Every structure is written in structure tokens, then in C-alpha cells.
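Structure, as C-alpha cells:
To find a chain, count down the sequence lines: A is the first, B the second, and so on, and within it residues start at 1. Remember, it's a predicted structure, so these values are computed and weren't measured experimentally.
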2 protein chains.
Amino acid sequence: MVKSVTLREAWSGEADCRNCALRTTVLFAGLEEEDFDRIHDPIDQFDLRQGTALYQTGERGDYMFTVRSGALKLVQYLPDGSQRIVRIARGTDVLGLEVLLDEPYQHDAIALQRTEVCRFPARLVKDLGQNSPKLHKELMTRWQRALTEADAWLTELSTGSARQRIARMLLRLARDNANHDCELLSREDMGAMLGITTETASRTIASFKREGLLTETQPNHVILNIASLRRIAED
Amino acid sequence: MVKSVTLREAWSGEADCRNCALRTTVLFAGLEEEDFDRIHDPIDQFDLRQGTALYQTGERGDYMFTVRSGALKLVQYLPDGSQRIVRIARGTDVLGLEVLLDEPYQHDAIALQRTEVCRFPARLVKDLGQNSPKLHKELMTRWQRALTEADAWLTELSTGSARQRIARMLLRLARDNANHDCELLSREDMGAMLGITTETASRTIASFKREGLLTETQPNHVILNIASLRRIAED
DNA sequence: CGACGGTTTGAGCGACATCAATCCCCGTGG
DNA sequence: CCACGGGGATTGATGTCGCTCAAACCGTCG
């Protein structure tokens, strides 16, 4: 358990949209300059410490978010109190699509590391989306991406032995990472992600280290032996 | 394994859209009469026998589908050949949203029972969607629904003991079914849905029968003891 | 220094997988 | 009509992977 801080504490000032590195890749790519002036105003940027909740299940907010850096876990809870991580949002991902349909947030969104996000009113997207085919398509793409992720979690991360699941998770974490390295999650989060216990996660990771499947360079930072992991992942 | 027949064999004539019971609930709800005339033409209706594949992973087709009756499973495969059912589509659900983004189908879609579907070109939705805010919103709703389903499968159907998963699955199958009854899937499909073996599925169902948690009225048709199943599902 | 949260490791047990035999239902052909 | 065959469901026996409970370890922070 990590304690949460309020969003208010995380406020880090007006967003620097115009110079935002994400501008061309993110939700508003393809907007005209004049549209762009209209949207700058209500956008705030936040800087979340590890463990901070961006929003919580059932909350009604009129805000959507884009992730600038870092990562958040999207968590759902079962009646018995156990939790399951259903997705991880990283750079350029959009959070809170559900508020476009006036629904409350469907998950707890919690920062896994230090994480920067931009917050903007869903109103903005609703208005612009009506008449902008480009934004319309962009939105569909976002949804499709989330859905593909969700399906992959089911087939890759919730199927097979613990060794297989962890191998697949590692490969996923390091994907599009040239050096084949990545930050490890806490063992508890691994468990919630893969549907196994923290002890099993710990044991498996430890075992992978001993077998040379991964090398710890700094605390919790590892380099993967891709080929061997892939062999484990696939059968 | 059930053999597949081609779609061609399943063709059952021009769709009767104007009198379709789904007209008001389905994708095209809210279209104007004039729009409606434009779309009737290219719509075909199919009648799928159990085991028929509506489409397959990786196929490129320009068609989307609505389910009129029956049910289809959406299946994905792992490199090692094992399969996982990631969703079930039933009455009024829309299939093939991904082709709106010019992507190939992401699953095998296979009829679980005798199933009626309507097929229409994605082109239609692309064209109408550009300028129709209503359709735009309807599409987002569809996507959101699929995503919510996907998340629920992860938290409810891939978490906990086999007994819990099967209980949750049964409650799901019978949901919005006044008599608390439902058709059972094959044990193999249950396994692929819950990430357990067919033997475990079989044993658990048999055990539920003995315990009076479900009563078989006709072969593979059961009435559920909702209260007791819920108790099992929740802890 | 002690306390605390997370990780690792151990021992034992139980749930589920595996392998295999039997049963049951139905359709098919002699 | 019945024997036969095949596919799915059921049941059993056995092994094992991962859960559970518990202790020890480790780094950090007060």
C-alpha cells in the first residue's frame, strides 16, 4: 500500500502545449492553429509522485488526461476487495475516454512512478469532435488501442504458467526500448497484473535473475535476455 | 473442434431492416428516413450454424456486423496454439469495429449457436459517421461497451478460483434473463473463456449440479440458484 | 538505533493440470 | 433395427505448481 496525495498538490502550472513534445503525436494532432488557441486555456499540467491517484473509480469528473511521461496503472476491484490491474498507461496515452459518454471513471488511475500528465475538460473534445473528422478518427483509434491492449492482457498476461506470464510481461515492459531494459514493478503490482501472488512473482523474478534471464543494473532496473525470455513466453 | 462452413452457405437473403426489431436499439438508431433509404441496399443477412466462422483473425474485409440473435465467441490464439475467448457478442452487439480504422479483424468470430447477423460495409459508417454527431456518439458507446466488457473479463473471469470464475460466468450468462436460466457453453469453451482446463470446467459444473446450484431442465439448459452462486462468486 | 515496508526464502498443503479410462448421446450405415 | 463409431462429458488417479502462512532479510527513514 502506498499513500495517495491529492491532485491539488501535484499541480505544476499551466501546460506548455505549444512546445509540448507530444503535440504531433497526441490527441490533438491535426488541429488547426486557430483551434489550438482555443484549447490552450483550460489545460493544466500535473506532476504526480509515485502512488498518487489521478482519479478513482466511480468519481464523476469532466476531465480527460494525456500522459506526458511516466506510467499509471488502471485498477479495478472485486467485491472481496482483491484488485486487478487491467491496463498500464504510458507516454502519449489518453485517460478518461469514458467521460466523453458522461460516465464516471471506470478505474483507479495510480502513478507507478513520477509521472507527468496534462488535464483538459472533456467538453473540449466533445465540441471539437462533433465537426472534426480528424479528431473523430483519432478518438476511435484511441479506443481501439485500449481494446487491443485489454485483449492482449487476457491472452498473454492471464494465460499459462507464472513463468510464462512474467516473461511476457517483461517483454512487454521493455518493448520499444532499444537496450532491452526496463524498470520492474513492485512484486505486488506484478501479482495484481498477472493474477498471481506477490510471493510467486518474487520467486519467479529471483529465479530469472539466477538463470541469467535478466540482469539487475540498478535497484529494480534490469536488462533482459530477450531471446531466452521469448522462448519461455512461447511455450 | 467443430467444422466451419463458408459465409456463402449462410446467406439468407436481403435484410429486412425496416422491420428489424433491432432498428431502434442498434447502431443506426437515430438515422433519418432518408439516410435509411441509402443504407438498406448493401445490407445482407446471414444465418450461421453453430461453429461457423463469421470472420477470422488477420482477414481484411470491409464489413461490419450486428448480431440479431444467438451468440458468437471472439477468439484469440497464442503462439503455442492454445486459444482464449476474449469476448462474447450477443443480440444488438456490433462486430468488426476495427475495420473502421482499416485494420484487419482482430479475432476469430465463431457462432456458439444458431446465430443471425446482418452484414454491412464499413464504408457506410465511415461516410455517415463523418457528419452525424449521433452516429459518432453511438460508435463511441459501442467501443466503450466492448472495453468495459474486456475489463470485466479480466477482473471477474480471470481472477480467483475455478469455482468463483464459473459462478461469475454463469451469473453473466443468465444476466438480463428473467427466469435465471441460460444455455451452457461446451466445457471446452468454458475453459478457453476462464483460463482453466475442460476437465476442471466439467468437474465444477457437475459439482454445482450435485450441490443444487443449478438445475438442468433440458440438455445443456440450466436454471441457476442466483443467491447461492452469488455467494460463491463474491468470496 | 529501532521501526517499517517491501522482498526474499522456506515448509506444507491444496487446487488444478495431466493423463487416461469410461460413459453417454447421436448420427450413420449395415 | 441394431451395431458401430465418434465427439463430447464425466470421473478417477496422480503429480505439481502456485497459494498460504510464516520467518528472515534488507534498505530507508525517523
Are B/F65 and B/Y55 close enough that their ring centres sit under 6.0 Å apart? yes
Could you list the protein-to-nucleotides 23-28 of chain D atom pairs, N/O on both sides, closer than 3.5 Å?
none

Rounding to a whole Å, what distance do you find between [X]:[atom1] and [N]:[atom2]?
X	N	atom1	atom2	result
A/I166	C/dT8	CD1	C1'	14 Å
B/L184	D/dT10	CG	P	9 Å
B/L185	D/dA9	CG	C1'	14 Å
A/D189	C/dG6	CG	P	10 Å
B/N220	D/dA9	CG	P	7 Å
A/F208	C/dT8	CZ	C1'	16 Å
A/E216	C/dT8	CD	P	8 Å

Atom pair [atom1]/[atom2] of [X] and [Y] - distance to nearest 0.5 Å:
X	Y	atom1	atom2	result
A/L54	A/E59	CG	CD	9.0 Å
B/L147	A/L147	CG	CG	6.0 Å
A/L100	B/W143	CG	CH2	13.5 Å
B/T217	B/N179	OG1	CG	10.0 Å

Checking side-chain polar atoms at under 3.5 Å, does B/S69 have a donor or acceptor matched by the opposite partner on B/E116? yes
Would A/R84 and A/S158 count as having a side-chain donor-acceptor pair, cut-off 3.5 Å? yes
So what does B/S186 touch, heavy atoms closer than 4.0 Å: a base, only the sugar-phosphate, or nothing? sugar-phosphate
Checking side chain to side chain contact (heavy atoms under 4.5 Å, CB included) for the pair A/E149/A/R172: CA distance, chi angles, key distance, verdict? CA-CA 11 Å; A/E149 271 298 283; A/R172 217 156 227 290; 3.2 Å; yes
Show me the protein contacts with nucleotides 9-16 of chain C, counting only N or O atoms at under 3.5 Å.
unit_1 : atom_1 : unit_2 : atom_2 : d
C/dT9  : OP2    : A/R210 : NH1    : 3.2
C/dG10 : N7     : A/R203 : NH1    : 2.9
C/dG10 : O6     : A/R203 : NH2    : 3.0
C/dC16 : OP1    : B/A162 : N      : 2.8

Can you find a pair of side-chain heavy atoms, one from B/E211 and one from B/S207, that are under 4.5 Å apart? yes
Is it true that a side-chain atom of A/T57 and a backbone atom of A/D108 form a donor plus acceptor pair closer than 3.5 Å? yes
If you apply the rule side chain to side chain contact (heavy atoms under 4.5 Å, CB included), what do you find for B/T159 with B/L154, and how did you get there? CA-CA 7 Å; B/T159 307; B/L154 207 57; over 6 Å; no
Could I get a table of every N or O pair under 3.5 Å where one atom is in the protein and the other is in nucleotides 21-25 of chain C?
none

